[in-house]
Visitor: 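Okay, here's the structure, questions in a sec.
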2 protein chains.
Amino acid sequence: MITTQERELPSPASIRAILDQVTSKWSVMILIFLCDKPQRFNALKRNLDGITQKALTESLRRLERSGLVVRRVIPVSPVAVEYSLTPLGISLKDPFLALYQWSMKHRTTVERAQAAFDARP
Amino acid sequence: MITTQERELPSPASIRAILDQVTSKWSVMILIFLCDKPQRFNALKRNLDGITQKALTESLRRLERSGLVVRRVIPVSPVAVEYSLTPLGISLKDPFLALYQWSMKHRTTVERAQAAFDARP
DNA sequence: CTGAATCCGAATCGATACTG
DNA sequence: CAGTATCGATTCGGATTCAG
């Protein structure tokens, strides 16, 4: 029997809820790009190569909702919107960078494993 | 124009494909549990508290396909199946532990940020 | 015990069009 | 420029059933 009462360990489900926010579709890539400097909507869109407006909007909302990203409207014409990391967002930099570098390092290994798996009898 | 030819940097899309495998729904939690020791299907299911058979099966398949997990059938009766990490899977331990610990540490902060966001006018 | 197969409604996706 | 609205397509999730 697993309980969370009186324990400092939260339930797996509640941790996974957090992980879900943080590892959702474009989150890692967006955070990585925002680490460099605050960026505007279309700058992110260009960098992310392949993301749709809708997906980018939704991802940024989710990150904003979780307190990782700040959305700042700059009242010029036409309107500019700049996204930047909060301190909480910055605290994810190291873990995300580790994930990102892992992905770069092991990309071809993973791709080969997948191809081999798919070619199985 | 972005190309990947002759560059050591893969395209964002190809990196995200890898990240998707690795950060997909239950991956982090499964890998964390498998770090301790190889485990059987139902042991994982119990530990993961809330996962369905289908989701666990699919997650394990995905991890196996990407070369992170090995599935070993132990021919006893009734049949036992043990899942364990490959060296590649083990190499994810540190990044995932970092993510996991971040989630535990900042869980309440994130939850409060979400509640505040949702309560906005 | 460890799954595979199926069904079905819900959620998500991508493309397109439109707006301040 | 930075979105919102909409719609059809695909995928996903959970429940159930069956099998080696």
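Since the structure is predicted, the reported quantities are computational estimates derived from the model, not experimental observations. Just the heavy atoms: all of them, side chains too, but no hydrogens, waters or symmetry mates, feed the values below. Convention: sequence-line order gives letters A, B, ...; per-chain numbering from 1.
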Visitor: Going by salt bridge (charged side-chain N to carboxylate O under 4.0 Å, His left out), name the residues that satisfy it together with Arg72(B), two or more places apart in sequence or in a different chain.
Guide: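 Expected list: Glu82(B).
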Visitor: According to side-chain contact (heavy atoms from CB on, under 4.5 Å), who are the partners of Ala55(A), at least two apart in sequence or on a separate chain?
Guide: Trp26(A), Ile51(A), Thr52(A)
Visitor: Give a yes or no answer on whether the side chain of Ser27(A) reaches the backbone of Thr23(A) with a donor-acceptor pair at less than 3.5 Å.
Guide: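 It does not hold such a pair.
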Visitor: Can you list everything that forms a side-chain contact (heavy atoms from CB on, under 4.5 Å) with Leu88(B)? Sequence neighbours excluded, please.
Guide: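 Trp102(A), His106(A), Thr109(A), Val110(A), Leu68(B), Thr86(B), Ser91(B).
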Visitor: Specify the residues of residues 25-36 of chain B, ordered by number, for which at least one heavy atom lies under 4.0 angstrom from an atom of DNA chain C.
Guide: none
Visitor: Does Glu58(A) or Pro78(A) map to a spot on DNA chain C nearer the 5' end, using the closest nucleotide for each?
Guide: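 By nearest-heavy-atom nucleotide position, the 5'-most residue is Glu58(A).
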Visitor: Gln39(A) side chain to Tyr83(A) main-chain N or O, any donor-acceptor pair under 3.5 Å?
Guide: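 Absent.
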Visitor: Taking only residues two or more places apart in sequence, or in another chain, which ones meet Asp20(A) in a salt bridge (charged side-chain N to carboxylate O under 4.0 Å, His left out)?
Guide: Arg16(A)
Visitor: For Asp118(B), enumerate each residue passing the salt bridge (charged side-chain N to carboxylate O under 4.0 Å, His left out) test, keeping only those at least two apart in sequence or located in another chain.
Guide: Arg65(A)
Visitor: Holding to side-chain contact (heavy atoms from CB on, under 4.5 Å), I want the full list of residues that pass it with Glu58(B), two or more places apart in sequence or in another chain.
Guide: Lys54(B)
Visitor: Just the rounded figure in Å: distance from P of dT2(C) to NZ of Lys45(B).
Guide: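 Distance check: Lys45(B) NZ to dT2(C) P gives 11 Å.
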Visitor: Can you pull out every salt bridge (charged side-chain N to carboxylate O under 4.0 Å, His left out) where at least one residue sits in residues 32-41 of chain A? Sequence neighbours excluded, please.
Guide: none
Visitor: Which residues pass the side-chain contact (heavy atoms from CB on, under 4.5 Å) test with Val79(A), sequence neighbours left out?
Guide: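 In terms of side-chain contact (heavy atoms from CB on, under 4.5 Å), with neighbours along the sequence ignored, Val79(A) is linked to Val73(A).
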Visitor: Between Leu56(A) (CG) and dA15(C) (C1'), how many Å, whole number?
Guide: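 Whole-Å distance recorded here is 16 Å.
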Visitor: From the 5' end of DNA chain D to its 3' end, which nucleotides mark the outer limits of contact with chain A, defined by a 4.0 Å heavy-atom distance cut-off (strictly under)?
Guide: dC1(D) to dC7(D)
Visitor: Treating Ser66(A) as the side-chain partner and Leu63(A) as the backbone partner, does any N or O pair qualify as donor plus acceptor under 3.5 Å?
Guide: no
Visitor: Rounded to whole angstroms, how far apart are CD1 on Ile51(A) and P on dG14(C)?
Guide: 9 Å
Visitor: Under a 3.5 Å distance rule, please check whether Ser59(A) uses its side chain to pair with a backbone N or O of Leu56(A) as donor and acceptor.
Guide: no
Visitor: State, to the nearest 10°, the angle formed by the axis through the first five base pairs of the helix from dC1(C)-dG20(D) to dG20(C)-dC1(D) and the axis through its last five.
Guide: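 Axis-to-axis angle, ends of the helix: 50°.
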Visitor: Look up atom CD1 in Ile18(A) and atom CG in Leu99(B), then write down how far apart they are to the nearest 0.5 Å.
Guide: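 Rounded to the nearest 0.5 Å, the CD1-CG separation comes to 12.0 Å.
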Visitor: Sort me out a list of protein N/O and nucleotides 3-7 of chain C N/O pairs below 3.5 Å, or just none if empty.
Guide:
residue: dG3(C); atom: OP1; partner: Arg71(B); partner atom: NE; Å: 3.0
residue: dG3(C); atom: OP1; partner: Arg71(B); partner atom: NH2; Å: 2.6
residue: dG3(C); atom: OP1; partner: Tyr83(B); partner atom: OH; Å: 3.2
residue: dG3(C); atom: OP2; partner: Tyr83(B); partner atom: OH; Å: 2.6
residue: dA4(C); atom: OP1; partner: Arg61(B); partner atom: NE; Å: 3.4
residue: dA4(C); atom: OP1; partner: Arg61(B); partner atom: NH2; Å: 2.3

